[in-house]
Novice: 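The following block contains the structure, expressed as structure tokens.
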Amino acid sequence: CKLIPADGDGSFNGMATAPVATAASANPLLTTLVTAVGEAGLGDTLNSADALTVFAPTNDAFGAIPEADLNALLADKDGLTEVLTHHVVAGKLSPSQLAGTHETLAGDTIKVTGSGKNFSVAGAQVLCGNIPTANATVYVIDSVLMP
């Protein structure tokens with residue numbers, strides 16, 4: 001969590017007051033995710049939802065995808081929507097609720113293992129978790145989850 005800004009809109013306190021897509025847009029670790037959400041047209045959907053848990057890949061996670069593949073994904077709105085909604089589950093999950101299998105907004109499931117501050121989401125490591133936003137709980141992860 002040391003990579004999260006200490007103050008400002010992208011900090012823990014700053015993100016807590018904004019809905020999830022808006023909060024993520026202020027965080028410098030999540031700019032590629034924010035671009036992808038915009039390309040998929042999901043910003044309003046995520047911001048208006050009542051309670052979500054979002055597994056948010058870092059810029060480095062997107063950077064690990066070959067550039068041609070990432071560009072193709074960003075150009076495929078349906079495919080991009082499926083990938084992004086695969087990172088979101090209904091309800092604000094606290095760390096004590098995180099381990100287990102959860103249905104994603106894409107309609108499939110992801111498995112979270114671990115406990116305390118050490119969690120893995122479908123093989124991706126949680127780098128920083130339990131970040132509150134106005135309508136979601138965010139867990140920053142080190143890989144893009146593919147459905």
Side-chain angles (χ1 to χ4, degrees), residues 1-65 70 73-74 76-147:
C1 291
K2 62 183 178 246
L3 300 175
I4 303 291
D7 53 29
D9 291 342
S11 69
F12 285 104
N13 289 337
M15 290 179 68
T17 61
V20 67
T22 301
S25 70
N27 191 302
L29 295 176
L30 304 176
T31 57
T32 307
L33 174 62
V34 170
T35 297
V37 167
E39 291 293 323
L42 291 173
D44 290 341
T45 300
L46 293 173
N47 278 344
S48 64
D50 286 334
L52 301 171
T53 296
V54 177
F55 299 102
T58 64
N59 296 335
D60 288 345
F62 281 99
I65 299 172
L70 180 58
L73 181 62
L74 290 172
D76 176 7
K77 187 174 180 179
D78 290 340
L80 183 59
T81 298
E82 182 180 358
V83 169
L84 293 174
T85 55
H86 182 69
H87 290 77
V88 182
V89 300
K92 290 184 177 184
L93 300 177
S94 69
S96 65
Q97 300 168 311
L98 202 56
T101 301
H102 304 282
E103 184 174 348
T104 72
L105 295 190
D108 56 4
T109 60
I110 56 174
K111 185 175 181 179
V112 180
T113 58
S115 63
K117 293 184 179 183
N118 296 311
F119 287 98
S120 175
V121 182
Q125 294 302 306
V126 173
L127 302 174
C128 183
N130 203 27
I131 303 168
T133 72
N135 68 326
T137 302
V138 176
Y139 292 85
V140 177
I141 58 175
D142 69 353
S143 300
V144 176
L145 307 175
M146 298 307 251

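Note that the structure is predicted; figures quoted are calculated from it, not measured.
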Novice: Determine, stepwise, if the pair D44 / S48 fulfils side chain to side chain donor-acceptor pair (under 3.5 Å).
Specialist: CA-CA 6 Å; D44 290 341; S48 64; over 6 Å; no
Novice: Check whether any side-chain heavy atom of V83 lies under 4.5 Å from a side-chain heavy atom of P147, and answer yes or no.
Specialist: yes
Novice: Return the NE2 to OG1 distance between H102 and T109, rounded to the nearest 0.5 Å.
Specialist: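 Result: 10.0 Å between the selected atoms.
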Novice: With distance as the sole test, does D60 use its side chain to make a donor-acceptor pair with the main-chain N or O of G63 at under 3.5 Å?
Specialist: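 Not at all, since once roles are kept as given, no pair shorter than 3.5 Å links the two residues.
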Novice: Going through the checks in order, is the side chain to side chain contact (heavy atoms under 4.5 Å, CB included) test met by L105 and H87?
Specialist: CA-CA 8 Å; L105 295 190; H87 290 77; over 6 Å; no
Novice: Tell me the closest heavy-atom pair linking V138 and A56, and the distance in Å.
Specialist: CG1-CB, 3.9 Å
Novice: For the residue pair P57 and L30, what are the closest heavy atoms and their distance?
Specialist: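 So the two residues come closest at O-CD2, 3.5 Å.
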Novice: Which residue, N47, V37, V88, forms the side chain to side chain contact (heavy atoms under 4.5 Å, CB included) with L42?
Specialist: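 Running side chain to side chain contact (heavy atoms under 4.5 Å, CB included) over N47, V37, V88 with L42 returns exactly one hit, V37.
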Novice: Which residue pairs pass the disulfide (SG to SG under 2.5 Å) test with at least one member in residues 97-143, sequence neighbours excluded?
Specialist: C1-C128
Novice: Specify the closest pair of heavy atoms between F119 and P95, including all atoms of both residues, with the distance to one decimal.
Specialist: CZ-O, 3.4 Å
Novice: To check you understand the geometry: which heavy-atom pair defines the closest contact between L93 and Q97, and what is its length?
Specialist: CA-OE1, 3.4 Å
Novice: Take L46 and L52, measure what side chain to side chain contact (heavy atoms under 4.5 Å, CB included) needs, and give me the verdict at the end.
Specialist: CA-CA 8 Å; L46 293 173; L52 301 171; 3.9 Å; yes
Novice: For S94, does its backbone N or O pair with a side-chain atom of N130 as donor and acceptor, under 3.5 Å?
Specialist: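 Such a contact is absent between N130 side chain and S94 backbone.
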Novice: Is the closest side-chain heavy-atom distance between E39 and L80 below 4.5 Å?
Specialist: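 Contact flag for E39/L80 side chains = yes.
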Novice: Which pair of non-hydrogen atoms, one from K77 and one from A40, has the smallest distance, and what is that distance?
Specialist: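 Nearest pair, atom of K77 first, then A40: CE-O, 3.1 Å.
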Novice: What's the spacing between I131 CD1 and Y139 OH if we round to 0.5 Å?
Specialist: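 Nearest 0.5 Å value for the CD1-OH distance: 9.5 Å.
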Novice: What's the separation between atom OG1 in T53 and atom CG in L98, rounded to the nearest 0.5 Å?
Specialist: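 That separation rounds to 7.5 Å.
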Novice: Enter the distance from I110:CD1 to H86:NE2 here, rounded to the nearest 0.5 Å.
Specialist: 6.0 Å
Novice: I need the N135 CG to D50 CG distance, nearest 0.5 Å.
Specialist: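 Rounded to the nearest 0.5 Å, the CG-CG separation comes out at 8.0 Å.
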Novice: Can you name the closest pair of heavy atoms from I141 and A61 and give their distance?
Specialist: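 Distance-wise, the nearest heavy atoms are O-CB, 4.3 Å.
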Novice: For a 4.5 angstrom cut-off between non-hydrogen side-chain atoms, does D142 reach V126?
Specialist: no
Novice: Could you state the interatomic distance from CZ (F55) to CG (L145), rounded to the nearest 0.5 Å?
Specialist: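 The CG atom of L145 is 8.0 Å from CZ of F55, to the nearest 0.5 Å.
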Novice: For the residue pair T58 and V140, establish whether any side-chain heavy-atom pair is separated by less than 4.5 Å.
Specialist: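 Yes - at least one pair of side-chain heavy atoms lies under 4.5 Å apart.
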